[in-house]
Amino acid sequence: TGLVVVAFALPLQAVKDRYRTAVWLDEAALGIAQRISLISSSLEDLWVDFRSRGQEAVAGPFFVRMNHARIVEQVFITVPDVEPFAKGETVLQGTLNTFKIRMLAPEKMRVGGKTSFTRFTQHELTDDTSMDIGFLGEAYANFGIAGGLAYALIVMSLLGVLFRIFYIKMAKLPLSFVWIPFVLSHWHRGEAMFGDSLDYAVKAMVVVALVVWLEPAWRAALTGAPFGVRPRRKPRVRSRKPIHPEAPKSVTIQPKPKL
């Protein structure tokens, strides 16, 4: 099974960039037949390259794109000989970007590695490529080997504690587990940096909060409240003090003495 997957994945990765560029440049004019023809011609060109250059033509793009260890290795080569240690700059900047709205802060850094990847690997990315140095590369680029290990240990420990708390809370409401992949999908990606993962998680939590607030069925599923029943508000206790400060006090009538 693994060999079959690799046999399909290698040529797919090799022709993907060529196919994607052609579709983006002339998307409206390409029908289904033209797209199939484009894939076929790309595979033919790949076969010609394979006969002339060997496995480099097929496996090269696959391993450069998919093997994250190669990216981290390039970070080790670049930092600190070419680029000095960032000393927490990217971590702090990524955390602050989480609380920025692009409409109000156009300078907010975009995801995709256009800045950090080039800075810490000295490799330029094309306009249609999105890669980043990832959590491990960012840890070393900021704090070195010892500091990067300590940073990774702290972050992973905090995530473990948060996951434990969520799991304990959600054990009573099993349907809540449906949202875990949606909220935490960026944290397991090797090429995602800390700020990118945190930014996505916060936005996903906002979406979950809106769904809980607007949808009664999900509110009941995630809070345990009965479906269609809103929590009752406590009645306001009116003050027994006189409304007007000059209002007369109550007068006690004394019984008349018997003659």
Side-chain angles (χ1 to χ4, degrees), residues 5 9 12 16 20 23-24 27-28 32 35 66 68 90-116 128-136 138-139 151-239:
V5 173
L12 177 63
K16 185 183 69 174
R20 183 169 54 187
V23 171
W24 285 353
E27 183 176 2
I32 297 178
R35 292 171 186 258
M66 303 302 293
H68 183 66
T90 63
V91 179
L92 178 61
Q93 186 178 13
T95 304
L96 296 178
N97 282 337
T98 304
F99 305 98
K100 294 181 180 179
I101 302 175
R102 194 173 303 280
M103 184 181 301
L104 303 178
E107 74 280 1
K108 180 179 179 180
M109 187 173 59
R110 296 182 179 273
V111 298
K114 291 296 186 293
T115 303
S116 56
D128 59 345
T129 303
S130 175
M131 283 195 299
D132 220 326
I133 62 175
F135 179 78
L136 296 178
E138 183 182 25
Y151 166 75
L153 179 62
I154 293 173
V155 174
M156 293 298 104
S157 300
L158 292 176
L159 286 177
V161 172
L162 291 177
F163 291 167
R164 178 65 177 172
I165 295 174
F166 286 145
Y167 280 131
I168 293 176
K169 296 289 185 181
M170 293 179 178
K172 302 177 181 179
L173 304 168
L175 199 57
S176 304
F177 284 95
V178 174
W179 291 97
I180 291 181
F182 174 69
V183 176
L184 305 177
S185 61
H186 263 58
W187 288 101
H188 75 279
R189 297 179 59 185
E191 65 179 33
M193 296 175 66
F194 176 81
D196 301 338
S197 301
L198 181 63
D199 184 50
Y200 177 83
V202 171
K203 292 177 181 177
M205 289 296 296
V206 172
V207 173
V208 174
L210 290 175
V211 171
V212 173
W213 180 47
L214 297 175
E215 181 57 43
W218 274 111
R219 181 168 59 249
L222 297 179
T223 61
F227 177 70
V229 178
R230 292 180 178 272
R232 296 181 179 180
R233 295 181 179 179
K234 295 182 179 180
R236 296 181 179 179
V237 180
R238 296 182 179 180
S239 176

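Hydrogens, waters and symmetry mates play no part in the numbers below; they use all other heavy atoms, side chains included.
The line from OH of Y200 to CG of L184 is 9.5 Å long, rounded to the nearest 0.5 Å. Distance check, rounded to the nearest 0.5 Å: CG of L210 to CD of E215 gives 12.5 Å. Going from atom CG of L153 over to atom CG of L158 covers 9.5 Å, rounded to the nearest 0.5 Å. Between atom CG of residue L96 and atom CG of residue D199 there is a gap of 11.5 Å, rounded to the nearest 0.5 Å. The structure places CH2 of W187 at 7.5 Å from CZ of F135, a figure rounded to the nearest 0.5 Å.
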Step by step, would you call N97 with K100 a side chain to side chain contact (heavy atoms under 4.5 Å, CB included)? CA-CA 5 Å; N97 282 337; K100 294 181 180 179; 3.6 Å; yes
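A heavy-atom distance below 4.5 Å is found between the side chains of Y167 and I180. Between F194 and T95 the shortest side-chain heavy-atom distance falls below 4.5 Å.
When all heavy atoms are compared, the tightest approach of V91 to Y151 is CG2-OH, 3.6 Å. For S116 against D132, the heavy-atom pair with the smallest separation is OG-OD1, 2.6 Å.
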